[in-house]
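Within every chain, numbering begins at 1; the chains are lettered A, B, ... in the order of the sequence lines, protein sequences first and strands thereafter. Scope of the values below: all heavy atoms of this structure, side chains included, with no hydrogens, waters or symmetry mates.
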Amino acid sequence: MAKDHVSGPEDYESLIEQVLEAYPAKAKKKRAKHLQVSQPDPEATPDPETGHASKCDTTKSNIKSIPGVMTVRGCAYAGSKGVVWGPVKDMIHISHGPVGCGQYSWSQRRNYYIGQTGIDSFVTMQFTTDFQEKDIVFGGDKKLGKMIDELEELFPLSKGTTIQSECPIGLIGDDIEAVARAKNKEHEKTMVPVRCEGFRGVSQSLGHHIANDAVRDWVLDKGDVDYEPGPYDVNIIGDYNIGGDAWSSRILLEEIGLNVVGNWSGDATLAEMERAPKAKLNLIHCYRSMNYICRYMEEKHGVAWMEYNFFGPTQIAASLRAIAAKFDETIQANAETVIAKYQPLVDAINAKYRPRLEGKSVMLYVGGLRPRHVVTAYDDLGMNVVGTGYEFAHGDDYKRTGHYVKDGTLIYDDVTGYELEKFIEGIRPDLVGSGIKEKYPVQKMGIPFRQMHSWDYSGPYHGYDGYAIFARDMDLAINNPVWGLYDAPWKGPEAIAAE
Amino acid sequence: MPQSADKVLDHAPLFREPEYQEMLENKKLKFECGHPDELVKEIGDWSKSWEYREKNLAREAATINPAKACQPLGAVFASAGYEKTMSFVHGSQGCVAYYRSHLSRHFKEPASCVSSSMTEDAAVFGGLINMVDGLANTKALYDPSMIAVSTTCMAEVIGDDLNSFIIQAKEKGSVEADFNVPYAHTPAFVGSHVDGYDNMQKGILSNFWDKAETRVANDSINIIPGFDGFAVGNVRELKRVLAEMGIGDYTILSDVSDVYDTPSDGEFRMYSGGTKIEDIPKALNAKATLSLQQYCTPKTLAYCKDKGQETASFHYPMGVKGTDGFLMKLSELTGKEIPESLRLERGRLIDAMADSQAYLHGKTYAIYGDPDFVYAMAAFILETGGEPRHCLATNGSKAWAKQMQELLDSSPFGKECQVWAGKDLWHMRSFLNTEPVDILIGSSYGKYLERDTGTPLLRLAFPIFDRHHHHRFPTMFYQGTLTVLVKMLDLIFDKLDDDTIDPGKTDYSFDLTR
């Protein structure tokens, strides 16, 4: 296991150079623009919480992946069905096209919800038109319409249906919008056609955007709903309730006196989506996947929005204060009370886990908001994020990242399997946080790992209650005895290297 | 405050704490606008009725909770079983992320595969550039000995021609002219993952065999394992059985046993083991090719037959007769006698079945999975005196249903069984609600049926996401069947204990010895 590794950030530039050497010229030139080491940004004001003002936004992002390099990215369908729409619990989401997309994404994002599955809730089910060759040749609109009729019969309590387009739909010229309109009239239920074919855009990201636009066009713009809003009504936007994240967030917002009208979209109902424009403020957690609809609600309905971060006590407290600042003194006082109430828990968690984690280095590679949002939660545990990157970020995400990471952090956009392996091998961090596809290669290398999309089947990680689980999970990953058993005692590392 | 640092509560207990229960109740009442509880209960009860079952069976367009995946998954699995072979799937990139995740979640292992990352412009102009650049990048970064190309439905719909693309890519120098780039068109809208497996196997064999001028038959045999979630344990068991038989001259075509079971010793092996590339052309000369799973190999076996080989196929050789038939065929083809050691193994399996028969006799089962597995499982259950009642394969054909019926007709224990080809797990929910059984056998997705119908689930079919490491142990041949038998018995005994564990009420039957 004793591999040559770089000693610190001063070597990251040369590590990037080395990694790029493996590429053919054309690919090398392209990939070079996605890799960098964060630099001091003398023009920026340091972030009030972290004190950081780094520059990461020279990294090229949100452009096509290079063929054949093993990108980790998914597709627009994954961004719409898998992320934005899939968690809406009382609607049926049809994976429209061949069987695979719906099959591979079935129950894989851990969007927790309460409901009778198959009766009034449908999140962990796989509905598909299961396209056959004849559907490709003759079109699938009729089958889709018929399927919606059948679902009406079998699932009378569903509040509506979304049509999540897979690749063939856009290629064969189907008119799913016409089907949706007709079925909306016939069944008097919300029908949402989503043009999230997997070949659109360069990653999940366009799927988020398309899904947001579908919410706008087929839910919000379909008319007003009867709901008398109160002065403390807010929405949580971009929390998918993975392992219960939205619940351990909601409890804090309610404790400071706010009403969470809608939670988009973990554990959400259609009604929560419809009522959302009546709220006073949109609180956005995953900026990347749902900023679009917040901007729309601001423009159309006058709902202000703000970003917040419920990972780790420092950011939770800062976020609670910032949220409370948008309301009156009562709420502000409540926020202080809540922060004080949880302080003993935070102190106990830190007392227990920080000594076991202090100084440990972490590399992250995730999507959405986590490559920056969790950095400060690691700081809270005394850990040190030395490299981070996004699957599908845009320039504004990298700009925001500068407030979270210190200078000299390795930044990688749309990293390839090869690059990530070489970076991890070179840096040999104490922990890697990434996805299922990365988990096993990293663990084989003898490096502790946590899935940071699904919380490795744990969670919640949001809020104070989630922070305890987060801290415990990082500890159990790093301090498990298995990592010490890799080398056979009769065969030292030298012997292995010599083979 | 429910959470504490001393005893960190995970999601399950955390959200059962009163603070959260109150919060969730409040959310439901004030914000969710759901249906009244009585109505939900009424519809829930109705969903378990015969009336609902009739409606459910009348479905023509909707597929709900299917037990099948799409072709490219099978192609990626088949390719993985060849030495240093990288799967390259031509089309949209999200698909590849899905195949890799799906395989990793089952095997708890790395699953490497690349995409040609086609986007909107490729949809218009075709994906030739993606193929040209992609092959070059894959070769440079991952140093494979072979790149096996399959397709997503996007590439199929726009009609990209793999043969022509690969030739052009080679002309442009993406890879050397003699570098092996076998391919298979694997449209997701035809068949399922078992067909993708078949197409890729045929693609790989024809890449080598079509070049050969003549076939010089020898006494070797080829064995194709088929798509199998238990392949790690089963292929190793197959090799052991062949060794017991004294058969050394064989080629396993696609051996994933070391690919999806690499050690943790500090090194990530992107490639490990697999069928040696040099053995593929030689396999043309084999006397015969055997397929362990008929429905994974119809085209491949027809191709082998065309090349002059004898062929034979099995339905996932499990159970007594299933294994007997396989061994006798091996013996017939190789001229090797079945050794005493295997007869003793057989005897030990029978011994175990005899010891436990009282607990197995008359037990009723619902089985779902890939066609060959369902066949084998039903056949073994018949041997234990159990009664299969529902046999379902979403990717099962009419021909499969006919074969199943013949099997069931061959035993009095099969007479009450219904065969459901092309049906899905929402159909199965209706079957289990209206005609309940003692045990459900299937994949992890069966846990929803377990929840909804109270039928205990035995996980023996791909994919298994929520239990670990079972794939490391065989389920085929006498030894594997013994493992299956023990799993069945454990489930039965656990259920017996659960049903009798109430102190002072039911525990008079909480027997120590069974």
Before accepting this row, confirm whether a basic side-chain N of the pair [X]/[Y] lies closer than 4.0 Å to the acidic partner's carboxylate O.
{"X": "B:Asp37", "Y": "B:Lys41", "answer": "no"}
{"X": "B:Lys68", "Y": "A:Asp130", "answer": "yes"}
{"X": "A:Lys341", "Y": "A:Glu255", "answer": "yes"}
{"X": "A:Asp135", "Y": "A:Lys142", "answer": "no"}
{"X": "B:Asp265", "Y": "A:Lys444", "answer": "no"}
{"X": "B:Arg269", "Y": "B:Glu267", "answer": "yes"}
{"X": "A:Lys30", "Y": "A:Asp414", "answer": "no"}

So which part of [X] gets closer than 4.5 Å to some heavy atom of chain A, the side chain, the backbone, both or neither?
{"X": "B:Met131", "result": "neither"}
{"X": "B:Ser112", "result": "both"}
{"X": "B:Leu103", "result": "neither"}
{"X": "B:Leu39", "result": "both"}
{"X": "B:Ala111", "result": "neither"}
{"X": "B:Ser92", "result": "side chain"}
{"X": "B:Lys139", "result": "neither"}
{"X": "B:Thr262", "result": "both"}
{"X": "B:Pro263", "result": "backbone"}
{"X": "B:Ser115", "result": "backbone"}
{"X": "B:Glu22", "result": "neither"}
{"X": "B:Glu60", "result": "both"}
{"X": "B:Asp143", "result": "neither"}
{"X": "B:Cys33", "result": "both"}

Angle class for the [X]/[Y] ring planes (parallel below 30°, perpendicular above 60°, tilted otherwise)?
{"X": "B:His90", "Y": "B:Phe88", "value": "parallel"}
{"X": "A:Tyr77", "Y": "B:Tyr98", "value": "perpendicular"}
{"X": "B:Trp426", "Y": "A:Phe155", "value": "tilted"}

Is a side-chain donor or acceptor of [X] paired with a backbone partner of [Y] at a separation under 3.5 angstrom?
{"X": "B:His11", "Y": "A:Tyr457", "result": "yes"}
{"X": "B:Asp466", "Y": "B:Ser444", "result": "no"}
{"X": "A:Gln103", "Y": "B:Pro66", "result": "yes"}

Contact leader toward chain B among [options], where contacts are heavy-atom pairs under 4.5 Å:
{"options": "A:Glu133, A:Gln108, A:Arg73", "value": "A:Gln108"}
{"options": "A:Lys352, A:Glu272, A:Arg250", "value": "A:Arg250"}
{"options": "A:Glu254, A:Lys439, A:Glu419", "value": "A:Glu254"}
{"options": "A:Ala27, A:Gly435, A:Ser248", "value": "A:Ser248"}
{"options": "A:Lys159, A:Glu197, A:Gln204", "value": "A:Lys159"}
{"options": "A:Leu157, A:Val99, A:Leu345", "value": "A:Leu157"}

Is the closest side-chain donor-acceptor distance between B:Thr453 and B:Asn433 under 3.5 Å?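 B:Thr453 vs B:Asn433: no donor-acceptor pair found between side chains.
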
Exercise: do A:Trp247 and A:Asp267 side chains pair donor with acceptor under 3.5 Å: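 Distance-only check passes for A:Trp247 and A:Asp267.
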
What residue in [options] has the most heavy-atom pairs under 4.5 Å with chain A?
{"options": "B:Lys28, B:Glu32, B:His102", "value": "B:Glu32"}
{"options": "B:Ala62, B:Ser4, B:Ser117", "value": "B:Ala62"}
{"options": "B:Val114, B:Val190, B:Asp6", "value": "B:Val114"}
{"options": "B:Thr138, B:Ile158, B:Thr63, B:Asn26", "value": "B:Thr63"}
{"options": "B:Leu9, B:Val96, B:Val40, B:Leu14", "value": "B:Val40"}
{"options": "B:Met154, B:Lys55, B:Lys27", "value": "B:Lys27"}

Identify which part of [X] has an atom lying under 4.5 Å from any heavy atom of chain B, answering side chain, backbone, both or neither.
{"X": "A:Arg110", "answer": "side chain"}
{"X": "A:Tyr467", "answer": "neither"}
{"X": "A:Thr124", "answer": "both"}
{"X": "A:Lys64", "answer": "side chain"}
{"X": "A:Lys26", "answer": "side chain"}
{"X": "A:Leu151", "answer": "side chain"}
{"X": "A:Ile136", "answer": "side chain"}
{"X": "A:Pro156", "answer": "side chain"}
{"X": "A:Ile66", "answer": "both"}
{"X": "A:Arg200", "answer": "both"}
{"X": "A:Val260", "answer": "backbone"}
{"X": "A:Cys75", "answer": "both"}

Mind checking whether [X] and [Y] have ring centres under 6.0 Å apart?
{"X": "A:Trp106", "Y": "B:Tyr445", "result": "yes"}
{"X": "B:His106", "Y": "B:Phe462", "result": "yes"}
{"X": "A:Phe131", "Y": "B:Phe189", "result": "no"}

Would B:Asp424 and B:Asn65 satisfy side chain to side chain donor-acceptor pair (under 3.5 Å), going step by step from the backbone distance to the final call? CA-CA 6 Å; B:Asp424 54 42; B:Asn65 298 353; over 6 Å; no

Show the numbers, then the answer: is there a side chain to side chain donor-acceptor pair (under 3.5 Å) between B:Ser47 and B:Asp45? CA-CA 5 Å; B:Ser47 79; B:Asp45 291 343; over 6 Å; no

Start with the C-alpha distance between A:Asp149 and A:Met147, add both sets of side-chain angles, then the distance that settles side-chain contact (heavy atoms from CB on, under 4.5 Å), and finish with yes or no. CA-CA 5 Å; A:Asp149 295 343; A:Met147 171 155 179; over 6 Å; no

